[in-house]
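Convention: sequence-line order gives letters A, B, ...; per-chain numbering from 1.
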There are 2 protein chains.
Amino acid sequence: MKPVKEIAHTISASGLKITPQRIAVIQALEKLEHPRAEEIIREVSEHIPGLSPTTVYNTLDVLVSKKIIRKVHTEADVMRYDAIPDHHHHLYCMQSDRMDDYFDPELDSLLEDYFRKKNIKGFKLKEIKLQLMGEFENKERTVIEKNA
Amino acid sequence: MKPVKEIAHTISASGLKITPQRIAVIQALEKLEHPRAEEIIREVSEHIPGLSPTTVYNTLDVLVSKKIIRKVHTEADVMRYDAIPDHHHHLYCMQSDRMDDYFDPELDSLLEDYFRKKNIKGFKLKEIKLQLMGEFENKERTVIEKNA
DNA sequence: TTTCAACTTGTAATCATTACAATATAGAAA
DNA sequence: TTTCTATATTGTAATGATTACAAGTTGAAA
Ligand SMILES: [Mn+2]
Ligand SMILES: [Mn+2]
Ligand SMILES: [Zn+2]
Ligand SMILES: [Zn+2]
């Protein structure tokens with residue numbers, strides 16, 4: 001896990017104040033792969049009793065706006081967050097709602113080459129994101145049922 | 001625009017009853033590229049006075065479950081719907097929230113080849129969806145501001 | 001140490017979506 | 001064509017994630 005000192009530096013480097021809440025949110029985000037806000041609130045609350053859910057939402061927003069973390073969208077209707085701000089793709093299983101990171105520089109340059117030749121009329125391409133839909137062999141995360 | 005007869009047949013072929021609401025929802029979906037539920041409600045209401053929003057939500061759900069239409073996810077937090085159930089990708093502009101369909105069989109076979117060779121450990125790939133992020137030259141759809 | 005803009009907190013909205021129960025209707029059967 | 005009923009629609013009331021707001025707290029600059 002990333003040392004607190006490094007996390008603090010990242011926060012500070014974006015002109016934000018270093019607070020226990022912000023550090024804990026980033027740590028939770030690294031620990032809980034692609035978590036929902038609610039999971040982060042639960043995890044961070046263990047470290048910071050009295051934590052307000054509002055703070056987590058605010059913190060997530062501010063970290064996204066500073067590009068320290070990212071939002072990720074899935075088939076489910078709740079937002080999820082990504083500790084990794086750099087370019088990468090995702091493996092996603094609709095049944096289990098599990099999502100894994102997928103890095104593939106070879107694929108990226110293949111796609112870059114393809115779109116360098118074939119350019120799309122009226123559209124300036126900035127970033128290509130792949131959602132690789134499928135099934136994991138051993139499912140981990142399971143869809144959280146309502147009222148379960 | 002697709003004739004009512006064809007739409008009715010599609011509905012019926014999935015074992016659903018043909019209703020004016022369902023036909024109008026599908027027509028609205030074809031007219032309003034990748035609309036949100038609220039836009040569909042507004043459009044369909046012009047043709048069917050007294051329409052209940054609940055009906056539109058129900059109808060959209062049932063059409064998705066029968067694979068007559070699709071849900072699509074954007075950077076915004078509201079769901080959007082797609083009249084085209086077949087495999088295709090999307091061009092998307094975060095600033096304007098505009099989204100266009102993108103069909104590219106050449107790209108699809110390129111990707112198929114790539115992933116036929118390079119298979120991902122512990123993951124059975126089913127479908128590849130590209131979100132092509134960028135900017136349209138002439139922006140059409142504009143982000144709908146809260147309370148605007 | 002002092003100072004104050006930036007943060008956090010709790011409570012109360014918001015708002016897209018869903019649950020539910022009553023009513024209406026498509027379309028199969030008679 | 002009329003009857004019948006499973007299916008569909010409607011209106012109203014939840015739900016639940018997220019946001020707004022105002023009051024109190026604190027990080028860190030000076
Ligand atoms: Mn912990
Ligand atoms: Mn119209
Ligand atoms: Zn990721
Ligand atoms: Zn589409």
- Note on the structure: Sorted by position of nearest nucleotide on DNA chain C, 5' first, the leading residue of Pro53(A) and Val62(A) is Val62(A)
- Rounded distance (Å) that lies between atom C1' of dT9(D) and atom CD1 of Ile23(B): 15 Å
- Would you kindly say whether Asp101(A) and His89(A) are connected by a side-chain donor-acceptor distance under 3.5 Å? no
- Round to a whole Å and report the spacing from CD of Glu38(B) to C1' of dT14(C). 15 Å
- Reading 5' to 3' through nucleotides 22-30 of chain D, protein heavy-atom contacts under 4.0 Å coded B for base, S for sugar-phosphate only, - for none: -----BS--
- Message: Check this for me, if you would: do Glu106(A) and Lys118(B) make a salt bridge, where the nitrogen-to-carboxylate-oxygen distance has to be below 4.0 angstrom?
- Response: yes
- Atom-to-atom span, CD1 of Ile40(A) to C1' of dT18(D) - whole angstrom: 14 Å
- What about Thr54(A), does its side chain sit under 3.5 Å from the base of dT18(D) through a donor-acceptor pair? no
- Note on the structure: Comparing Lys71(B) with Gly15(A), nearest DNA chain C nucleotide closer to 5' gives the residue Gly15(A)
- Query: Does Thr55(B) have a side-chain nitrogen or oxygen under 4.0 Å from the phosphate oxygens OP1 or OP2 of dT10(D)?
  - Reply: yes
- Take the protein atom CG of Asp61(A) and the nucleotide atom P of dA6(C), then report the distance between them rounded to whole Å. 17 Å
- Interatomic distance, Ile11(B) CD1 vs dT7(D) P [rounded to whole Å]: 17 Å
- Task: Measure from the ring center of His90(B) to the ring center of Tyr102(B) and say whether it is less than 6.0 Å.
- Result: no
- Flag the pair Asp97(A) and Arg80(A) as a salt bridge only when some basic side-chain nitrogen lies within less than 4.0 angstrom of an acidic carboxylate oxygen. yes
- Short N-O contact, Glu127(B) and Arg70(B), less than 4.0 angstrom: yes
- Message: dT19(D), OP1 or OP2 - any side-chain N/O from Tyr57(A) closer than 4.0 Å?
- Response: no
- side-chain contact (heavy atoms from CB on, under 4.5 Å) between Phe115(A) and Ile120(A), intermediate numbers included: CA-CA 8 Å; Phe115(A) 283 106; Ile120(A) 305 158; 4.0 Å; yes
- Task: Give one of base, sugar-phosphate or nothing for Asn58(B), where a contact means two heavy atoms less than 4.0 Å apart.
- Result: base
- Message: Check for me, please, whether Leu130(A) and Ile84(A) land in the same ILVMFWY cluster - side-chain distances under 4.5 Å, paths through other members count.
- Response: no
- Rounded to the nearest Å, what distance is computed from the NZ atom of residue Lys66(B) to the P atom of nucleotide dT7(D)? 11 Å
- Task: Taking only the side-chain nitrogens and oxygens of Gln21(B), find out if one of them lies under 4.0 Å from OP1 or OP2 of dT10(D).
- Result: yes
- Message: Please determine whether a side-chain nitrogen or oxygen atom of Arg22(A) lies at a distance below 4.0 Å from atom OP1 or OP2 of dC7(C).
- Response: yes
- Note on the structure: In whole angstroms, the gap separating P of dA24(C) from CD1 of Ile48(B) amounts to 17 Å
